[in-house]
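Okay, structure first, notes after.
Please read all numbers here as calculations on a predicted model, not as lab measurements. In what follows, chains carry the letters A, B, and so on, assigned in the order in which the sequence lines appear, proteins first and then strands, with residues in each chain numbered from 1.
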Amino acid sequence: MRLSRFPLSTTKETPSDAEVVSHQLLLRAGFIRKLGAGLYTWLPIGLRVLKKVENIVREEMDRAGALEVLMPTVQPAELWQESGRWEVMGAEMLRLKDRHKNDFCYAPTAEEVITFHVRQDIRSYRQLPVNYYQIQTKFRDERRPRFGLMRGREFLMKDAYSFHMDADDLSREYYNMREAYIRVFTRLGADFRAVQADSGNIGGAMSEEFHILANSGEDLLAVAEGGTYAANVEAAECKPGGSRAAASAALERVSTPDQKTCEQVSKFLNVPLTGKVKLLVVRAAEGQPHKLIAIALRGDHQLNEIKAGKHPKIASPLTLANPEDVQAAFGCETGYLGPVNCPIPLIADHAAAAVADFVCGANENDHHLKGANWGRDAAEPEVADLRMIAEGDPSPDGVGTIKFYRGIEGGHVFQLGKKYSKAMNLTVLDAQGQAVTPEMGCYGIGVSRLVAAVLEQRHDANGMIWPDSIAPFRVIVCPIGMDKSEAVKTAAEQLYADLTAAGVEVALDDRGQRPGSMFADADLIGIPHRVVIGDKGLANAQFEYKHRRADKAEMIPATAEAVLEKLRG
RNA sequence: CGGGGCGUAGCUCAGCUUGGUAGAGCGCUUGCUUCGGGAGCAAGAGGUCGCAGGUUCGAAUCCUGUCGCCCCGACCA
């Protein structure tokens, strides 16, 4: 490609409304332009990268045996009403009406549509298993689109849906997809982790997310140092620790005026946070004897709202009680709650239940209790895993110690089970002629998000640093004084022709720019290999070669073969 | 959805407090010089000041409404 006919619109200035590096660079380098909140146009150079990511995903899905289809982005409401999600999905689903006033949505995902088609076409166990995928635009009306491509509203996604006669075959395909994802992320040149995940409201059992590690990531990951365990903190289990020590202290009521937080009380009474038990009050699930329920946590621990929300006695999604209701139930402010004489049902986290001689609120304003003990001062509590895992905790699988990382979710694999096949009456006949409801899996990759996520890892002060696999061009040829020197012009044109003939994607910077701006653009758009051709080098029959990551350039023979050698190496 | 902020040239922003001829830098056009890390000089083009009302002799500036966008929080296959 000749850059004289491939306009780059790069800027020196960083757009003010771009927060994260990837968003800044994508705008500065002219890869994308904003059309509205969470809506971006891909310009020619950016689209080249997006298409390459898309093709890597396509190749690996094909290699894994999945079959590509293309479904409409506008879907009839009836299908969503069948699955029940027309009501469940909130404002994040964009709803439309056609001229006949019929309801539609702009696809946020496609479980319903694919299940509908499989119901039409698949009748026999002989036709299963099958795994259909598409690479298609999705729209989710996020409450708060942000970070450019990382959380856009319209985005490009690869979504795959598999159908199986039984759970074992679903499990087999799940691991098949997992392997395909590992190949995709590896080819993108990304530092990534597959982590255990919460399956959210899409439903299902087994689920893992693929995260690209980056400080700007929106998710927090618990990864075992010295082990293999990795989980999104939302999903990370906490195993019960050691047994509780025997009670040794007497119960004592102490005055703690205006000491409402655990930190304040801990400091005021000079006891460690780990020796305190705190109480949170949340709404109880429907049908529970009391509308509120108390959760006891150790002072240094945080509530895991996802795990707690799944507890059968706790309302889902987890909802904190409002302060008036707490006041009415306990007769004191929220800063002084404790398990001793707790007026409502209580569930304790494992760790909170393992503390002896603890400090807690006295259920009376401005007072706490010291030396409190389960089984003596407070009833032995029901225990559950309710807390957020913490850095330094032992890994739940017993190997290693937990350290936190931030990650950008680039892919997600789920075992859905029968949630949609059942809701939408999908059945096939098995070998005995019996109707069976197939098991489903679903597997997503955020294709456009991956472009930004890779960039979060691969950049420096001068701009982007693409791996060869997804770079907009592999090589950029920068001729110095092309319009002055016939020798430079000839050599540049020859190299351009030779590399092109060799099947290398090469950009020839024939715009007649000064060297400084050529180099600045080449660095900003992140082309991995750069060849500079100037009269000085040509006098010695040499080109100058530099890898985008290298500190310095080196001289190589002035031949296409020498350049190709560098690309191989 | 709650809180905060911003809409002025293609881009980044100043001007608004205290109403009176609409500005700068970058980019763009032309010419000359320059040519190995975003060149210099000179000339030039380019703006319904988001939109709609209102106050006023006069509104980018003050008031009301409205739309859009950004940030923090809550939320999120």
Side-chain angles (χ1 to χ4, degrees), chain A residues 7-20 23-24 27-30 33-39 83 85 88-93 107-112 138-148 150-153 155 157 159-161 197-204 207 209 218-219 232 234 305-306 309 317-320 409 411-414 416 419-420 440-446 449 461-463 478-485 488 509 511-525 530 532-538 543-544 546 552-553 555:
Chain A
L8 298 177
S9 36
T10 55
T11 62
K12 270 186 285 192
E13 294 175 78
T14 301
S16 62
D17 58 1
E19 287 280 303
V20 297
H23 190 196
Q24 293 171 351
L27 288 169
R28 274 190 62 205
R33 288 290 178 253
K34 186 167 84 169
L35 183 61
L39 303 172
S83 74
R85 286 207 289 181
V88 173
M89 299 286 275
E92 114 178 13
M93 185 157 79
T109 176
E111 282 85 4
E112 283 81 359
K138 299 285 184 298
F139 187 92
R140 292 180 194 173
D141 199 354
E142 297 281 348
R143 290 180 190 207
R144 194 175 156 210
R146 57 183 141 178
F147 303 147
M150 300 244 287
R151 187 164 288 278
R153 292 198 292 177
F155 55 96
M157 178 175 173
D159 46 326
Y161 308 90
D198 174 60
S199 48
N201 73 19
I202 197 164
S207 149
E209 294 167 347
E218 294 184 279
D219 287 284
N232 193 309
E234 290 178 350
E305 300 190 12
I306 303 282
L318 184 121
T319 314
L320 281 175
E409 184 186 351
H412 203 156
V413 291
F414 290 94
L416 278 179
K419 178 169 174 174
Y420 296 94
M440 281 178 70
C442 94
Y443 320 93
I445 288 182
R449 177 186 279 183
N462 293 326
C478 300
I480 309 262
M482 194 180 184
D483 51 345
K484 288 274 173 54
S485 166
V488 167
D509 195 346
R511 296 174 299 169
Q513 299 274 321
R514 304 164 62 80
S517 54
M518 274 197 286
F519 299 157
D521 274 349
D523 286 350
L524 178 58
I525 64 179
R530 187 186 78 188
V532 179
I533 301 177
D535 277 320
K536 282 185 246 170
L538 286 181
F543 292 154
E544 175 189 298
K546 182 179 174 299
K552 281 186 177 166
M555 301 310 291

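When the P atom is used for both B:rG73 and B:rG58, the distance is 47 Å, rounded to whole Å. Straight-line distance between the C1' atoms of B:rU34 and B:rC41: roughly 11 Å, to the nearest whole Å. Distance check on atom C1': B:rU8 versus B:rC69 gives 15 Å, rounded to whole Å. The same atom, P, is picked in B:rA22 and in B:rC16; the two are 16 Å apart, to the nearest Å.
As judged by a 4.0 angstrom heavy-atom cut-off over every strand, A:Lys484 is placed among the base-contacting residues. Note on A:Asp159: nothing from the nucleic acid sits closer than 4.0 angstrom, heavy atoms only. Residue A:Gln513 is classed as having no contact, given no heavy-atom separation below 4.0 Å to the nucleic acid. Here A:Arg33 lies out of heavy-atom contact (under 4.0 Å) with every strand. In this structure, A:Phe543 reaches neither bases nor backbone, as no heavy-atom distance under 4.0 Å exists between it and the strands shown. Across all strands shown, A:Gly534 has heavy atoms under 4.0 Å from base atoms, whether or not it also approaches the sugar-phosphate.
For a distance-only test at 3.5 Å, the side chain of A:Asn462 fails to qualify as a donor-acceptor partner of the base of B:rG37. A donor-acceptor contact under 3.5 Å links the side chain of A:Glu13 to the base of B:rG25. In terms of polar N and O atoms assigned as donor or acceptor, the side chain of A:Arg146 never comes within less than 3.5 Å of the base of B:rC70 in a complementary pairing.
A:Leu320 has its CG atom 9 Å from the P atom of B:rC75, to the nearest Å. Atom pair A:Leu524:CG and B:rG37:P shows a separation of 18 Å (rounding to whole Å applied). To the nearest angstrom, C1' of B:rC70 lies 14 Å from CD of A:Gln24. Between A:Leu27 atom CG and B:rC26 atom P the separation is 22 Å, expressed in whole Å. Protein atom NZ of A:Lys34 is 13 Å distant from nucleotide atom C1' of B:rC11, rounded to whole Å. Distance CG (A:Leu35) to P (B:rC70): 12 Å, rounded to an integer number of Å. Taking atom CZ on A:Arg151 and atom P on B:rC75, their separation rounds to 13 Å, with Å as the unit. The separation between A:Glu92 atom CD and B:rC1 atom P is 15 Å, rounded to whole Å.
Taking side-chain N and O atoms only, A:Arg514 has a distance below 4.0 Å to OP1 or OP2 of B:rA39. Proximity of A:Lys12 to the phosphate of B:rC11: no side-chain N or O atom is located under 4.0 Å from OP1 or OP2.
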Please walk me through it: do A:Asp535 and A:Ile480 pass side-chain contact (heavy atoms from CB on, under 4.5 Å)?
CA-CA 8 Å; A:Asp535 277 320; A:Ile480 309 262; over 6 Å; no
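Heavy-atom nearest nucleotides on RNA chain B were determined for A:Arg28 and for A:Gly512, and the one closer to the 5' end corresponds to A:Gly512.
Annotation: side chain of A:Arg151 is in contact with side chain of A:Arg449 (closest heavy-atom distance under 4.5 Å).
Geometrically, A:Arg530 engages A:Phe519 in a cation-pi contact, judged by NZ or CZ lying under 6.0 Å from the ring centre and within 45° of the ring axis.
A salt bridge does not link A:Lys419 to A:Glu111: none of the charged side-chain nitrogens sits closer than 4.0 Å to a carboxylate oxygen.
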